[in-house]
Amino acid sequence: MGKNEFIGKKSAAAGGWGALKSCGKRLLQTGKPLSGARTMLKANQPDGFDCPGCAWGDPEHGSSFEFCENGVKAVAWEATQKRVTPDFFAQHRVADLRGWSDYALEHEGRLTHPMVYDRAQDRYVQTTWDEAFAGIARALNALDHPDQAEFYTSGRASNEAAFLYQLFVRLYGTNNFPDCSNMCHEASGVALTEAIGIGKGTVLLEDFEEADAIFVIGQNPGTNHPRMLADLRKATARGAKVVVFNPLKEKGLQRFADPQNKLEMIFGGSEPTSTDYYQPRLGGDMAAVRGMAKVVFAADAQALAEGRPSVLDHAFIREHSHGFEAWKAAVDATPWEQILEQSGLTQDEITRAAGVYLASDRVICTWAMGVTQHRHSVPTIREISNFMFMRGNVGRPGTGLCPVRGHSNVQGDRTVGINEKAPKALIDALEREIGVKMPRARGHNVVQAIGAMLSGEAKAFIGLGGNFARATPDSDLVAQILQRLDLTVHVATKLNHSHLLPGKVSYILPCLGRTEIDKNAKGQRQIVTVEDSMSMVHGSGGINMPASKELRSEVAIVAGMAAATVGSAHVDWAAMAEDYDLIRDLIARVLPAFGDYNTAVRKPRGFWLRNPASEREFNTSTGLANFSPDPLPDQTEWQQADQGEGMLVLQTFRSHDQYNTTIYGMDDRYRGVYGERRVIFINPADLARLGRSAGDIVDLTSHAPDGTTREALAFRLVPYEIPQGCIAGYYPELNLLVPHDAWGEGSFTPVSKSILVSLRPGLQAA
Ligand SMILES: Nc1nc2c(c(=O)[nH]1)N[C@H]1C(S)=C(S)[C@@H](COP(=O)(O)OP(=O)(O)OC[C@H]3O[C@@H](n4cnc5c(=O)[nH]c(N)nc54)[C@H](O)[C@@H]3O)O[C@H]1N2
Ligand SMILES: Nc1nc2c(c(=O)[nH]1)N[C@H]1C(S)=C(S)[C@@H](COP(=O)(O)OP(=O)(O)OC[C@H]3O[C@@H](n4cnc5c(=O)[nH]c(N)nc54)[C@H](O)[C@@H]3O)O[C@H]1N2
Ligand SMILES: [Mo]
């Protein structure tokens with residue numbers, strides 16, 4: 001059997017020595033293991049920086065040494081000693097660099113100087129900051145209308161940078177804020193706003209210590225939120241149940257050896273991270289949750305018939321909720337047949353999972369991309385909320401709804417106004433504070449921005465971080481349209497593919513990373529702030545010397561673009577960039593929930609941004625927690641695939657060695673894949689059914705309603721424990737199969753986890 005042969009049920013634990021070895025390798029690769037280790041010791045510490053890895057909360061109020069293997073990778077990747085200097089650009093034409101892989105590009109190291117594109121030589125050449133800001137202002141002010149510009153944000157930007165950015169863009173005159181969140185947890189925001197009146201989770205880290213059961217749906221924390229595994233482990237150790245729904249048997253959700261536990265490392269122990277594991281079909285979660293609700297209603301009927309107390313939380317339903325009867329009718333009307341077909345689970349499995357729910361007084365439900373990147377993600381999250389409401393599992397200790405965020409500050413960016421459909425209260429407050437009218441019309445989200453670029457309506461793109469051309473669906477198409485624009489600007493730490501698709505005027509503006517010291521002209525250190533998945537806001541200050549003297553902070557770069565473009569009559573951009581306390585003061589005036597922001601962020605663990613829903617104050621249309629009676633989808637993509645000859649449904653997810661479009665390495669240790677990324681995980685029975693063998697190279701074609709043929713060539717088949725009819729492969733390599741006009745209803749999130757595809761022998765297989 002080769003390394004990638006069928007990964008059976010029995011597998012070693014996640015974490016452990018493999019994780020430590022991988023950390024060491026990563027620190028060595030950056031060229032300076034000692035400073036790397038010192039850097040790690042400051043991650044998530046009161047006087048250090050917020051780990052740029054993920055948005056999981058920090059425990060123990062900053063006293064413990066908290067980082068994880070993938071946090072080390074993220075930090076080491078930024079703290080590399082390698083540099084992409086003007087010399088590098090002099091040596092390579094942009095057309096040549098376009099042929100490099102994402103891995104190779106970022107591996108060259110940190111960007112050092114502001115660069116402008118020179119079309120005559122097809123090269124980026126060095127420029128000055130002032131020239132760059134003036135050039136950007138010229139191009140933006142030459143547009144017919146501000147709505148012709150798209151202002152993208154990736155979720156690493158600090159609250160201060162993001163707030164200043166949205167202020168600049170709104171003063172310029174548009175609400176076009178496509179952001180990574182549109183491709184990520186948008187469905188959670190939309191669904192929760194309708195259900196509980198706020199688009200955020202209601203859980204604090206402490207709740208994980210009190211829950212009797214934690215349901216983890218569509219999430220792979222072993223890779224993407226490794227620090228969460230420690231909380232799951234602690235939960236199972238004290239006897240709580242952890243119930244997983246995931247089509248794949250993810251290693252980190254089975255057992256975990258904590259690399260920070262000396263005894264465990266020496267004796268090779270590991271602890272379970274889950275107690276119950278169910279493998280639904282892709283897109284089958286709404287059906288699974290509805291099935292559990294049916295079981296709970298049946299148990300309730302039986303209890304009442306036998307003269308026992310109801311199993312429902314009638315006090316919550318009566319005092320705090322709306323729409324219970326309509327939802328119950330929808331549950332009653334949903335046939336088991338449809339539930340079993342869509343979920344792919346048996347009635348017995350669903351009954352057992354519901355049994356855990358019934359036996360638990362306090363339940364938390366977490367979820368991530370396995371739930372949010374489907375056509376019916378919004379109704380699925382509404383159903384999760386319904387299910388939690390029925391036994392009052394919101395707004396009590398040890399309970400709650402917990403969308404686990406992606407980028408380390410994606411939640412904060414949204415809080416401070418990166419929002420194409422900003423709440424009226426925010427715009428009112430901005431107008432009041434700045435004294436200028438702001439645009440009110442809805443702006444573009446990611447798929448609308450792509451649409452506007454395609455139609456020629458959009459003419460400028462500015463990216464505050466991120467890798468738009470790789471992270472978005474239809475990546476080949478997006479690459480073409482970016483190059484047709486009048487202006488493209490990328491504020492970035494490292495070179496990526498999006499930078500190599502220059503519009504008529506194009507800049508790469510290199511910024512400080514989160515791990516680096518940020519000093520103002522007076523030599524005073526500045527801190528920024530971020531918000532985690534539990535709505536904790538804390539300070540983050542870098543400790544490393546900047547990668548180059550030329551770097552500016554994101555705040556300073558935004559301030560520079562703003563001053564040049566909209567002038568400083570209403571906002572003193574230069575003063576803000578000199579003293580981030582002034583930005584925080586302004587944020588607190590616009591968003592009163594931030595209170596005494598500047599004092600609060602200097603406390604070790606920061607402060608909690610109050611979430612009214614977690615105290616059962618529901619700011620919804622009804623003033624109550626809203627049940628929602630959505631029907632199950634008529635057909636899931638799995639059902640469509642099941643009816644088509646040779647069709648399968650594909651999900652695109654992350655390997656253990658990547659951070660979104662940043663590829664750290666070519667291994668996916670927990671899934672047993674080494675040295676390659678062009679793989680497709682497939683059930684052995686599907687291999688047999690389709691007449692293929694393990695290791696065959698195939699080409700994939702996606703089948704979208706728009707009739708366009710999209711192909712991804714040369715992927716190797718890897719047998720895996722995954723439901724029949726469902727396959728999986730890595731993002732971003734497979735993004736060219738995701739149609740930009742197929743999105744989640746109500747969320748506009750590309751359907752990256754349910755793409756209808758077929759396979760045929762690849763070129764290399766012939
Ligand atoms: N190291 C590292 N950390 C990261 C990131 C990274 O790339 N690398 N990315 C960050 C970002 S931006 C985000 S959004 C998060 C992403 O965190 P995750 O949501 O964990 O990311 P994915 O890799 O997309 O994994 C999705 C998981 O859902 C499962 N899944 C897919 N479809 C379904 C379904 O229909 N039903 C169910 N029940 N499960 C399904 C997949 O099998 C997989 O285990 O992580 C953040 N943290
Ligand atoms: N098919 C498919 N597509 C997906 C997904 C999927 O699961 N499947 N997931 C979606 C999700 S959840 C997300 S969040 C998006 C991610 O989309 P993006 O946020 O656009 O992508 P990233 O890969 O995180 O961006 C990486 C780049 O950010 C820059 N960078 C890194 N650190 C910093 C910094 O501190 N400051 C600045 N200014 N720049 C920095 C570097 O230049 C790096 O190359 O992708 C989405 N796309
Ligand atoms: Mo994300």
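Note that the structure is predicted; figures quoted are calculated from it, not measured. Atoms within each ligand, like the ligands themselves, are counted from 1 in listed order. FYI, side chains are in, hydrogens and waters are out, and symmetry mates aren't considered; it's all heavy atoms of this structure.
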Which residue and heavy atom of the protein sit nearest [atom], plus the separation:
{"atom": "atom 28 (O) of ligand 2", "result": "Gly466 N, 3.2 Å"}
{"atom": "atom 40 (C) of ligand 2", "result": "Thr493 OG1, 3.4 Å"}
{"atom": "atom 47 (N) of ligand 2", "result": "Ala471 O, 2.7 Å"}
{"atom": "atom 31 (C) of ligand 1", "result": "Gln651 OE1, 3.0 Å"}
{"atom": "atom 20 (O) of ligand 2", "result": "Tyr152 OH, 2.6 Å"}
{"atom": "atom 37 (C) of ligand 2", "result": "Glu554 OE2, 3.0 Å"}
{"atom": "atom 18 (P) of ligand 1", "result": "Asn224 ND2, 3.3 Å"}
{"atom": "atom 32 (N) of ligand 1", "result": "Leu282 CD2, 3.2 Å"}
{"atom": "atom 8 (N) of ligand 2", "result": "Thr652 OG1, 3.0 Å"}
{"atom": "atom 7 (O) of ligand 1", "result": "Asn660 N, 2.7 Å"}
{"atom": "atom 21 (O) of ligand 2", "result": "Asn467 N, 3.7 Å"}
{"atom": "atom 16 (C) of ligand 2", "result": "Tyr731 OH, 3.5 Å"}

Near [X], which atoms of ligand 2 are under 4.0 Å from a heavy atom of that residue?
{"X": "Cys511", "result": "36 (N), 37 (C), 38 (N)"}
{"X": "Gln373", "result": "5 (C), 6 (C), 7 (O), 9 (N), 10 (C), 12 (S)"}
{"X": "Cys180", "result": "14 (S), 19 (O)"}
{"X": "Asn496", "result": "27 (C), 42 (O), 43 (C), 44 (O)"}
{"X": "Gly465", "result": "37 (C), 38 (N), 39 (N)"}
{"X": "Ser154", "result": "18 (P), 19 (O)"}
{"X": "Val491", "result": "37 (C), 38 (N), 39 (N)"}

Inset, instruction - Using distance alone, decide if ligand 1 has a nitrogen or oxygen within less than 3.5 Å of any nitrogen or oxygen in Phe245. - result: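 For ligand 1, there is an N or O atom that lies under 3.5 Å from one belonging to Phe245.
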Legend entry - Nitrogen or oxygen atoms of Arg671 and ligand 1 under 3.5 Å apart: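 Min N/O separation from ligand 1 is not below 3.5 Å for Arg671.
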Inset, instruction - For ligand 2, indicate whether the residue His490 contacts it via side chain, backbone, both or neither (heavy-atom separation under 4.0 Å). - result: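 Contact part for His490 vs ligand 2: neither.
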Legend entry - Charged N-O contact under 4.0 Å between Arg405 and Asp532: no
State whether a side-chain donor-acceptor pair under 3.5 Å links [X] with [Y].
{"X": "Thr661", "Y": "Asp102", "value": "no"}
{"X": "Ser274", "Y": "Gln254", "value": "no"}
{"X": "Gln639", "Y": "Asp642", "value": "no"}
{"X": "Glu78", "Y": "Thr515", "value": "yes"}
{"X": "Asp413", "Y": "Tyr165", "value": "no"}
{"X": "Lys753", "Y": "Gln651", "value": "no"}
{"X": "Glu550", "Y": "Thr112", "value": "no"}

Strictly under 6.0 Å, is that where the ring centroids of [X] and [Y] end up?
{"X": "Phe245", "Y": "Tyr278", "value": "yes"}
{"X": "Trp100", "Y": "Phe88", "value": "yes"}
{"X": "Phe89", "Y": "His499", "value": "no"}
{"X": "Tyr664", "Y": "Trp77", "value": "yes"}
{"X": "Tyr731", "Y": "Phe653", "value": "no"}

Inset, instruction - Measure the spacing between CG of Leu509 and CZ of Arg552 and express it to the nearest 0.5 Å. - result: 10.0 Å
Legend entry - Interatomic distance, Ile217 atom CD1 to Thr372 atom OG1 [nearest 0.5 angstrom]: 12.5 Å
Take every heavy atom of [X], measure it against each atom of ligand 2, and state whether any distance is under 4.0 Å.
{"X": "Met369", "result": "yes"}
{"X": "Gly406", "result": "no"}
{"X": "Arg654", "result": "yes"}

Number the atoms of ligand 1 from 1 as they appear, then name those within less than 4.0 Å of a heavy atom of [X], with their elements.
{"X": "Cys184", "value": "14 (S)"}
{"X": "His225", "value": "15 (C), 17 (O), 45 (O), 46 (C)"}
{"X": "Leu248", "value": "42 (O)"}
{"X": "Gly283", "value": "34 (C), 35 (O)"}
{"X": "Thr223", "value": "1 (N), 2 (C), 3 (N)"}

Residue selection (non-hydrogen contact nearest [atom]) among [options]:
{"atom": "atom 33 (C) of ligand 1", "options": "Pro403, Gly370, Pro723", "answer": "Gly370"}
{"atom": "atom 24 (O) of ligand 2", "options": "His407, Lys753, Glu516, Met183", "answer": "His407"}
{"atom": "atom 43 (C) of ligand 1", "options": "Arg281, Glu250, Arg156", "answer": "Glu250"}
{"atom": "atom 42 (O) of ligand 1", "options": "Val649, Asp285, Asn246", "answer": "Asn246"}

Inset, instruction - Assess whether side-chain contact (heavy atoms from CB on, under 4.5 Å) is satisfied between Asp657 and Lys73, documenting all intermediate values. - result: CA-CA 8 Å; Asp657 262 2; Lys73 290 182 196 166; 2.7 Å; yes
Inset, instruction - Using distance alone, determine whether Arg514 and ligand 2 share an N or O pair under 3.5 Å. - result: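 In this structure, Arg514 places no N or O atom under 3.5 Å from an N or O of ligand 2.
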Legend entry - Heteroatom distance test (His499, ligand 2): nitrogen or oxygen, under 3.5 angstrom: no
Inset, instruction - Could you pull out all residues at least two apart from Glu531 that satisfy side-chain hydrogen bond (donor to acceptor under 3.5 Å, both in side chains)? - result: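 Glu531: side-chain hydrogen bond (donor to acceptor under 3.5 Å, both in side chains) contacts with Lys200, Gln411, Thr415.
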Inset, instruction - Could you establish whether His656 and ligand 1 come within less than 4.0 Å of each other, counting only heavy atoms on the residue side? - result: no
In terms of ring plane angle, is the pair [X] and [Y] parallel, tilted or perpendicular, where the classes change at 30° and 60°?
{"X": "Tyr357", "Y": "Phe215", "result": "perpendicular"}
{"X": "Phe681", "Y": "Tyr730", "result": "perpendicular"}
{"X": "His490", "Y": "Phe461", "result": "tilted"}

Inset, instruction - Mind checking whether His374 contacts ligand 1 via backbone (N, CA, C, O), side chain (CB onward), both or neither, at a 4.0 Å heavy-atom cut-off? - result: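 Answer for His374: side chain.
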Legend entry - salt bridge (charged side-chain N to carboxylate O under 4.0 Å, His left out) contacts in which one or both residues fall within residues 506-515, not counting sequence neighbours: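 Checked against salt bridge (charged side-chain N to carboxylate O under 4.0 Å, His left out) - neighbours excluded - the pairs reaching residues 506-515 are Asp50-Arg514.
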